[in-house]
Amino acid sequence: MKEIKIQDMKNFRIGSSENRKAGTGCTVIICPEGAPCGIDVRGGGPASRETELLKPVAACEKIHAIALCGGSAFGLNAAGGVMKYLEEHDIGFETRYGKVPLVCASSIFDLGCGDSTVRPDEGMGYAACLAAEQNDIQEGNHGAGTGATVGKLWGAAYMMKSGLGIYAVEAWGLQVAAVVAVNAVGDVYDRSRNCILAGMLNKDKNGFACSERILIEDRDTPNLFSQRAQAHATNTTIAAIITNAAFDKTAMNKIAAMAGNGMVRAISPVNTMADGDSVYAVSVGTVTADINIVGTLAAYVLEKAIGRAVLYADSAYGIPAVKDLQWKK
């Protein structure tokens, strides 16, 4: 198995647009020929569009784009710009009245960064599609990760900057990639080293408080989670798995579910009622592969991509990033 660039994969395009000053953005994955797609939603508060299409009992067999957005539910408007772009390029589901692009979208809550009145809209979704023509994608404070943060159990004063993370691998012709905007209430871990990479800072801001420990052990503050996490920072980590393995959407739903295990390994607490954690999985190729192998690789690349989301993030909006923590150097 070797690491590859996501741009080395075929049959889809990916691009981002953002408003750095406002602290929000959009990342789009376009599948011109359509692609089977599944989803796994484990968080308690998702903001999403067209995910009903991905259920095995729904008639839709392929979708044409996935939009990962900031802006909370407002940001789902970016999908309208993606639809406009796809319609202009004659991409969509064939009907007697023309092609209808099928665009799934999910959003993170990033209104606490920058300007909360600016959210991804049709213009930003369209701009991300234009960037996708060149496969223009960067990690960190870009696209859907522009205003992403982590470690918010004690509120904004102790959280850290996160961003967009990408990781892709190839093994015997099989390719699997993950794209993720990490905006979690919990901390991000490197399980290989059994340490926190980024998360809630302690009261002196010279180390990590460990959100998991505080949530379990803090008996001095009743209802700590509901009072602080939900009132001070709404969250959500959203991701897309892309593979060249050939599966229908029922299988892709299972692969999305298995990919979620990578999120569980990399973030804690995770999948809470204050998160809207959602993982898409899309098939863009014809490679014959075992579903168990693809699902295991999906979890692996998602875990890696989550780590990269915090390691590539830059300090912004008064929120520190890992690379700027002096006590970690």
Side-chain angles (χ1 to χ4, degrees), residues 5-9 12-32 47-49 63-72 74-86 89 101 103-111 113-115 118-149 161-168 177-183 236-242 278-280 282 284 301-302 304-306 308-314 316-317 321:
K5 293 182 179 180
I6 196 168
Q7 292 90 341
D8 294 335
M9 299 176 67
F12 72 95
R13 302 192 296 268
I14 184 169
S16 287
S17 60
E18 64 266 342
N19 184 323
R20 298 290 291 275
K21 183 177 180 180
T24 195
C26 177
T27 298
V28 173
I29 299 160
I30 297 174
C31 305
S48 57
R49 162 181 166 148
I63 56 97
H64 304 99
I66 299 169
L68 306 178
C69 312
S72 189
F74 293 110
L76 297 175
N77 287 330
V82 180
M83 288 192 70
K84 178 181 178 182
Y85 176 90
L86 295 177
H89 289 76
V103 179
C104 295
S106 289
S107 294
I108 66 170
F109 188 102
D110 57 5
L111 303 182
C113 289
D115 185 347
V118 177
R119 307 106 179 197
D121 56 12
E122 285 194 11
M124 190 174 287
Y126 193 92
C129 293
L130 292 176
E133 292 179 354
Q134 306 300 322
N135 275 334
D136 184 7
I137 189 77
Q138 299 179 66
E139 296 176 271
N141 297 20
H142 295 278
T146 303
T149 51
K161 190 70 184 70
S162 182
L164 190 74
I166 301 171
Y167 195 77
V179 182
V180 61
V182 181
N183 191 59
T236 292
T237 295
I238 51 177
I241 300 297
I242 309 164
S278 304
V279 180
Y280 292 92
V282 61
V284 296
V301 294
L302 182 53
K304 289 284 191 179
I306 289 170
R308 291 173 68 93
V310 296
L311 293 175
Y312 279 76
D314 295 313
Y317 321 109

Student: Is there a side-chain contact (heavy atoms from CB on, under 4.5 Å) between Tyr167 and Val301 once you walk through the steps?
Tutor: CA-CA 6 Å; Tyr167 195 77; Val301 294; 4.0 Å; yes
Student: Would you compute the distance between atom CD of Glu139 and atom CD1 of Ile166 and round it to the nearest 0.5 angstrom?
Tutor: 5.0 Å
Student: Taking only residues two or more places apart in sequence, or in another chain, which ones meet Asp314 in a salt bridge (Lys or Arg N to Asp or Glu O under 4.0 Å)?
Tutor: Lys323
Student: Can you tell me how far the OH atom of Tyr317 sits from the CG atom of Asp115, to the nearest 0.5 Å?
Tutor: 10.5 Å
Student: State the SG-CZ distance between Cys26 and Arg119, to the nearest 0.5 angstrom.
Tutor: 15.5 Å
Student: Is there a donor-acceptor pair under 3.5 Å between the side chain of Asn141 and the backbone N or O of Thr146?
Tutor: no
Student: For His142 and Tyr312: C-alpha separation, side-chain torsions, deciding distance, then whether side-chain contact (heavy atoms from CB on, under 4.5 Å) applies.
Tutor: CA-CA 10 Å; His142 295 278; Tyr312 279 76; over 6 Å; no
Student: What residues, two or more places apart in sequence or in another chain, satisfy side-chain contact (heavy atoms from CB on, under 4.5 Å) together with Ala127?
Tutor: Ser17
Student: So which heavy atom on Ala144 is nearest to which on Cys69, and how close?
Tutor: CB-N, 4.0 Å
Student: Output all residues satisfying side-chain contact (heavy atoms from CB on, under 4.5 Å) with His64, sequence neighbours left out; order by chain, then residue number.
Tutor: Leu86, Ile91, Phe93, Leu102
Student: Compare every heavy atom of Ser162 with every heavy atom of Val182, then report the nearest pair and how far apart it is.
Tutor: O-OG, 2.9 Å
Student: I need the Phe74 CZ to Thr24 OG1 distance, nearest 0.5 Å.
Tutor: 11.5 Å
Student: Under 3.5 Å, is there a donor-acceptor pair between the side chain of Lys161 and the main chain of Val310?
Tutor: no
Student: Which heavy atom in Ala177 sits nearest to a heavy atom in Ala168, and how many Å separate them?
Tutor: CB-CB, 3.6 Å
Student: Please give me the minimum heavy-atom distance between Ala313 and Ala321, naming the atom from each residue.
Tutor: O-CB, 3.4 Å
Student: Sequence neighbours left out, what passes ring-ring contact (aromatic ring centres under 6.0 Å, His included) with Phe12? Give chain and number order.
Tutor: none
Student: Provide the closest heavy-atom pair for Tyr280 versus Ser106 in the form atom of the first, atom of the second, distance.
Tutor: OH-OG, 2.7 Å
Student: How long is the straight-line distance from CD1 of Ile14 back to SG of Cys31, given to the nearest 0.5 Å?
Tutor: 10.0 Å
Student: Is there any salt bridge (Lys or Arg N to Asp or Glu O under 4.0 Å) pair reaching into residues 16-25, and which pairs are they, with sequence neighbours excluded?
Tutor: none
Student: Got a donor-acceptor contact below 3.5 angstrom from the Asn183 side chain to the Thr149 backbone?
Tutor: yes
Student: Assess the residue pair Ile137 and Leu164 against the criterion (side-chain contact (heavy atoms from CB on, under 4.5 Å)); give the C-alpha distance rounded to whole Å, side-chain angles, the decisive distance to 0.1 Å, and a yes or no.
Tutor: CA-CA 10 Å; Ile137 189 77; Leu164 190 74; 3.9 Å; yes
Student: For Ile241 and Ala178, which heavy atoms make the closest approach, and how far apart are they?
Tutor: CD1-CB, 3.7 Å
Student: Does any part of the side chain of Cys129, heavy atoms only, come nearer than 4.5 Å to the side chain of Ile30, both counted from C-beta?
Tutor: yes
Student: Rounded to the nearest 0.5 Å, what separation is found between the OG atom of Ser72 and the CD1 atom of Ile108?
Tutor: 9.5 Å
Student: Checking Ala105 now: which residues fulfil side-chain contact (heavy atoms from CB on, under 4.5 Å) with it, not counting sequence neighbours?
Tutor: Arg49, Ala67, Leu76, Ala79
Student: Is there side-chain contact between Arg13 and Pro32, with heavy atoms separated by less than 4.5 Å?
Tutor: yes
